There are 2 protein chains.
Amino acid sequence: MDKREQILEATANLIAECGLQSPISLVAKQACCGAGTIYRYFDTKEELIEMVYLMQMERLTEACLANCDKQGSVREQLQKIWSNLYRYLNDSPRDAALLDQLGVAPDVREELQLKAQAGIVERIHSLFEEGRARGEIKDLPNEVLGVYAYGGISTLVRMARTKPGLKDQTITEEMVLSLCWDAIANH
Amino acid sequence: MDKREQILEATANLIAECGLQSPISLVAKQACCGAGTIYRYFDTKEELIEMVYLMQMERLTEACLANCDKQGSVREQLQKIWSNLYRYLNDSPRDAALLDQLGVAPDVREELQLKAQAGIVERIHSLFEEGRARGEIKDLPNEVLGVYAYGGISTLVRMARTKPGLKDQTITEEMVLSLCWDAIANH
DNA sequence: AAGCGCAGAATGAACGTTCACTCCGGATCA
DNA sequence: TGATCCGGAGTGAACGTTCATTCTGCGCTT
C-alpha cells in the first residue's frame with residue numbers, strides 16, 4: 001500500500017478521535033513507519049493536516065454528488081445531494097468527526113478551504129439559481145441558503161454521534177430532507 | 001477585579017483566537033498573573049477549560065432568554081430566542097469562536113455539556129411541545145428540531161465570521177428567522 | 001546465475017523547544 | 001511576627017523535527 005496514503009489515513013483516524021494535537025509519534029506508529037518517513041512526504045505537520053483536509057473534502061464532494069444526474073426537479077436534485085450528505089456523515093462517523101475538527105482548525109488556510117469546497121458549492125448554488133428563477137426558492141443569498149442547510153445537517157449528525165440522548169432517537173432521512181427543503185422553499 | 005474571572009476571560013480570549021492548545025504561559029501573561037496563580041484556582045488545564053465552557057454556556061443561555069416573557073404565540077417566542085441567539089453570536093465574535101472550539105473539544109465531559117445546556121434546551125423543547133399540540137409544528141423529535149435550527153444559525157454565523165466572501169453579504173435577522181421557522185413549521 | 005554497487009526510501013535515536021505543572025522566596029495583610 | 005497569598009523561575013515530560021545510518025530492490029558485470 002502507498003505510504004503517503006497510509007500516513008494520511010492514520011492522521012485522519014487520530015485527529016478524528018483525539019483532535020488536532022495528536023502527536024506525530026502516534027501518527028507514525030499507526031502508519032507503521034518511522035517518524036522521519038512522514039517528513040519525506042510532508043514538510044511540516046501543518047502541511048500534513050492540510051493534505052488530510054483536502055483528501056477529506058474530495059471524499060465529501062464525491063459522496064454528495066454521487067448518482068446526481070442533472071435531471072428531475074430542483075427539489076429532487078437538491079434533496080438527492082442532502083440525502084447523500086446525510087448518509088455519508090452518518091455512515092462514516094470517522095469522516096464526520098474529522099470534518100468537525102478540521103472545520104475549526106487554525107492550521108487550514110482560508111484559501112485552501114475555498115478551493116476544496118468550490119466543486120460542491122458551485123453545483124448547489126446553480127441549483128439555487130434555477131429554483132429561484134422558477135419561484136420555488138426564497139430570494140436569499142445562495143451562501144445563506146447553502147450554509148444554513150449544511151449547518152443543520154452536519155450539526156444534527158454531530159449531536160447524534162456525541163450526545164447520548166440523541167443516539168437512540170430515530171432520525172430518518174425524510175425528517176432531514178423535510179427540514180432542509182421547507183427552510184429554503186417559498187411558501 | 002476578581003483574579004479567577006480574569007483568568008477565565010484570558011483563557012476564553014486565547015482559545016477563541018488560537019484554539020485549545022493555547023499554552024498556560026500565555027494565559028498567565030494575558031491574565032497578568034504568574035503561571036502558578038492559575039493553579040491556585042484550577043487543578044488542571046482541563047478543569048480550567050471546563051469552567052470556561054460553563055461560563056460561556058451561561059452567557060449563551062442568558063442572552064437567548066433575554067426579554068423572553070412567556071407571552072405571545074409559539075412562533076413569536078421561538079423567533080425571539082433565535083433572534084437573541086443570532087444577535088449574540090454576531091455581536092460577540094469572540095464568544096462565537098470560543099463556542100466553536102469548545103464544541104469539538106475532547107476535554108469537556110459529556111455530562112457537563114448536558115448540564116450546561118439544560119436550561120435553554122428545556123425552554124425550547126416545551127415551546128416545541130406547545131406548538132405541536134396546536135398543530136403548528138412538525139411532528140418530529142424535539143432534539144431534531146432544536147439541533148437543526150441551532151446548527152443552521154451557528155454555522156451561518158461561523159461562516160460569516162471566517163469566509164471572506166460571506167463577510168460583505170448582508171445577512172439580516174429576518175432571513176435567519178424565516179429559515180428557522182419554515183424549517184420546523186407545518187405547512 | 002551469482003556477486004557487486006548504488007540510489008533512494010525508511011528508520012528511530014537525538015536535539016532543541018515548549019508544554020503543563022510545582023515550589024519556594026517574597027509581598028501583603030492582620 | 002505569623003499567616004496567607006502570589007509570582008515566575010524551575011522541572012521533567014512530550015513535542016515537532018532532523019540526520020546519520022540502515023535497508024532494499026534493481027541494473028550491471030563476470
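Below, each value reflects all heavy atoms present in this structure, side chains not excepted, and no hydrogens, waters or symmetry copies. On a predicted model such as this, the values are computed, not experimentally measured, just so you know. Lettering of chains follows the sequences in order, A, B, ..., and the numbering in each one begins at 1.
Regarding Glu47(B), its CD atom lies at a distance of 15 Å from the P atom of dA20(C), rounded to whole Å. In this entry the distance linking CG of Leu26(B) with P of dC21(C) reads 15 Å, nearest Å. The interatomic distance linking Ile38(B) (CD1) with dC19(C) (P) rounds to 13 Å, in whole Å. Following rounding to the nearest Å, Leu48(A) (CG) and dG16(D) (C1') show an atom-to-atom distance of 12 Å. The interatomic distance linking Phe42(A) (CZ) with dG16(D) (P) rounds to 15 Å, in whole Å. If you measure from atom CD of Gln21(B) to atom P of dG16(D), you get 11 Å, rounded to the nearest angstrom. The distance from atom OH of Tyr39(B) to atom P of dC23(C) is 13 Å, rounded to the nearest whole Å. Atoms NZ (Lys45(A)) and P (dA14(D)) sit 15 Å apart, rounded to a whole Å.
Each of dG12(C), dA20(C), dC6(D) was ranked by its minimum atom distance to the side chain of Thr37(B); first place goes to dC6(D). The side chain of Thr44(A) lies closest to dT17(D) when the candidates are dT11(C), dC19(C), dT17(D). When each of dC5(D), dC21(C), dG12(C) is scored by its nearest atom to the side-chain atoms of Arg40(B), the top-ranked nucleotide is dC5(D).
Among the protein residues, Ile24(B) comes within range of the sugar-phosphate backbone only, with heavy atoms under 4.0 Å from sugar or phosphate atoms but none that close to a base.
The side chain of Tyr41(B) contributes an N or O atom lying less than 4.0 Å from OP1 or OP2 of dC6(D). Listed pair Lys3(B) / dG7(D) meets the phosphate criterion, a side-chain N or O lying under 4.0 Å from OP1 or OP2.
A pairwise comparison of heavy atoms in Ser178(B) and Lys138(A) identifies OG-NZ, 2.7 Å as the closest pair. Looking at every heavy atom in both residues, Tyr88(A) comes nearest to Asp95(A) through OH-OD2, 2.6 Å.
At a threshold of 4.5 Å between non-hydrogen side-chain atoms, the residues Leu102(A) and Met57(A) do not count as touching.
Each of Asp43(B) and Ala35(A) lies near DNA chain C, and the nucleotide nearest Ala35(A) is the one positioned closer to the 5' end.
A salt bridge does not link Glu173(A) to Lys80(A): none of the charged side-chain nitrogens sits closer than 4.0 Å to a carboxylate oxygen.
Ring orientation note: the planes of His187(A) and His187(B) are close to parallel, at an angle under 30° on the 30°/60° scale.
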